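The structure displayed is predicted, hence computed values, not measured ones.
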2 protein chains.
Amino acid sequence: MNTKTTLLNSAEDLVRSRGFDGFSYSDLATQVGIRKASIHHHYKTKADLSLALITRYRGVFMERLAEISAQEPRASGRLLSFLDLYRDAMRGGRSLCLCVAFSVTQTALPKDSTAQLEGFHADVAQWLETVFRLALHDGTLRGVTTPRAEAHAALATVEGAQIMARAAEDATRFEAAIDTLRARAI
Amino acid sequence: MNTKTTLLNSAEDLVRSRGFDGFSYSDLATQVGIRKASIHHHYKTKADLSLALITRYRGVFMERLAEISAQEPRASGRLLSFLDLYRDAMRGGRSLCLCVAFSVTQTALPKDSTAQLEGFHADVAQWLETVFRLALHDGTLRGVTTPRAEAHAALATVEGAQIMARAAEDATRFEAAIDTLRARAI
DNA sequence: CTCAGTATACCAAGTAGTAGGCAAATACCG
DNA sequence: CGGTATTTGCCTACTACTTGGTATACTGAG
């Protein structure tokens, strides 16, 4: 496989398990099996790497959401699949989904990267809003009133749930926090 | 004032605005106006500092919750005051509440510190559970069914909302994500 | 013969933490 | 009380190490 994508895959793994500040080019180098300096050939700076990671993830994730929309006609099915997506990304509490891992990064990412991240959040919130809006018509989710507000709330909840689960290294924390959302499916 | 508590105050500020990994003893030293090595006299290692921070915060925060319980007899009032507590801690999107800032820390904190953090989360979840349980009787919150699950969900939501607001450097994101919780007060 | 990909060898800056000294406050004791 | 020991709080100066990044040379395939 392409070294460049191998690097991206390994880097994604590292970001999600240890955070963007939690790994160095040195770590990445040993994991991939080339020398540290060689990474710079593919991703000139760590900032460049961050941008490549977020951009790819955004694309892949939005594709997944599109698949869900295609396969699940009902609002309830879409919401449950969405929750599964976030749950699976956790790999049992030792990992975060990439967008959470980056949202949580403390060091200043370059402008491009934060823009991608914001765009990603906006896209997901938008998608969720359409789900709740659909629920107003198909009635497969309990107690929906304001789709836009509910979308933001749901996104915050899954992200917060991931963080709490990772902090406790206990994946069931995620489930506990998500239960009320799941229970809304009819 | 005591240098030791001045250090703790400044450190809390730094953790909340830049993360525990985002500041060094050197930063803290210049902010307080003593030399880096002198900090080690008060807090032997950065791990010790983390423990002191979390322990103090846990105490103060639980006191606040107790005050709320004392002043607000109704579940709705308690929930709204709780949300205000988290909103105020954000200082307009540039800061996190300390427990979120630590939950989000990627480097391995010492065992004592993570234990305090988990205890803190458990305490807050417990407090929220009693609020929702109260709501079952006084009826001042809409749509309460399972207090325990709702407590975990609410906690995840406020934590996630803080993170999204900070990532976007936009405090209104917090409000947007919290709106559905706020709207449940009768 | 070029050039992408890798390597060796380095750098400047920053990290947590240590060693040891020095002055002022405090405690102990005759 | 007076004087001696001890502690407190801070300092300068350092170590040992990691970080992201650079300069430059080698290698092999097209």
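- No side-chain N or O of A/S95 forms a donor-acceptor pair with one of A/S17 less than 3.5 Å apart.
- The OH-P distance, from A/Y25 to C/dC11, rounds to 22 Å in whole Å.
- When heavy atoms are screened at a 4.0 angstrom cut-off, A/Y43 is found touching no nucleic acid atom at all.
- More than 12 heavy atoms of other residues, nucleotides or ligands shown are found within 6.0 angstrom of CZ on A/R56.
- In this structure, A/K4 atom NZ and C/dT6 atom C1' are separated by 15 Å, rounded to whole Å.
- A donor and an acceptor atom sit less than 3.5 Å apart, one in the side chain of B/K36 and one in the base of C/dG17.
- First and last contacts of DNA chain D with chain B, using any nucleotide atom under 4.0 Å from a protein heavy atom and ordered 5' to 3', fall at D/dT8 to D/dA13.
- Place A/A37 and A/H41 on DNA chain C by their nearest nucleotides, and A/H41 ends up nearer the 5' end.
- Atom-to-atom, CD1 of B/I39 to P of C/dT15 comes out at 12 Å; the value is rounded to the nearest Å.
- B/I186 and B/L141 get closest at one heavy-atom pair: CD1-C, 4.1 Å.
- At least one side-chain heavy atom of B/L85 sits under 4.5 Å from a side-chain heavy atom of B/I68.
- Across the interface with DNA chain C, nearest-nucleotide mapping of B/K46 and A/T3 shows A/T3 to be the residue nearer the 5′ end.
- Taken from OG1 in A/T114 to CZ in A/F120, the straight-line distance is 15.0 Å, to the nearest 0.5 Å.
- Within the nucleic acid shown, A/S38 comes within 4.0 Å of at least one base atom, counting heavy atoms only.
- As rounded to whole Å, 18 Å separates atom P of C/dC22 from atom CZ of B/R35.
- Summarising the geometry, the separation between CZ on B/F23 and C1' on C/dT15 is reported as 13 Å, rounded to the nearest angstrom.
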Is there a side chain to side chain contact (heavy atoms under 4.5 Å, CB included) between B/Y86 and B/Q162? Walk through the geometry before answering. CA-CA 8 Å; B/Y86 271 81; B/Q162 277 205 1; 3.5 Å; yes
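- Side chain of A/Y57 to backbone of A/A52: no donor-acceptor contact under 3.5 angstrom is found.
- Atom CG in B/L28 sits about 17 Å away from atom P in C/dG14, given to the nearest Å.
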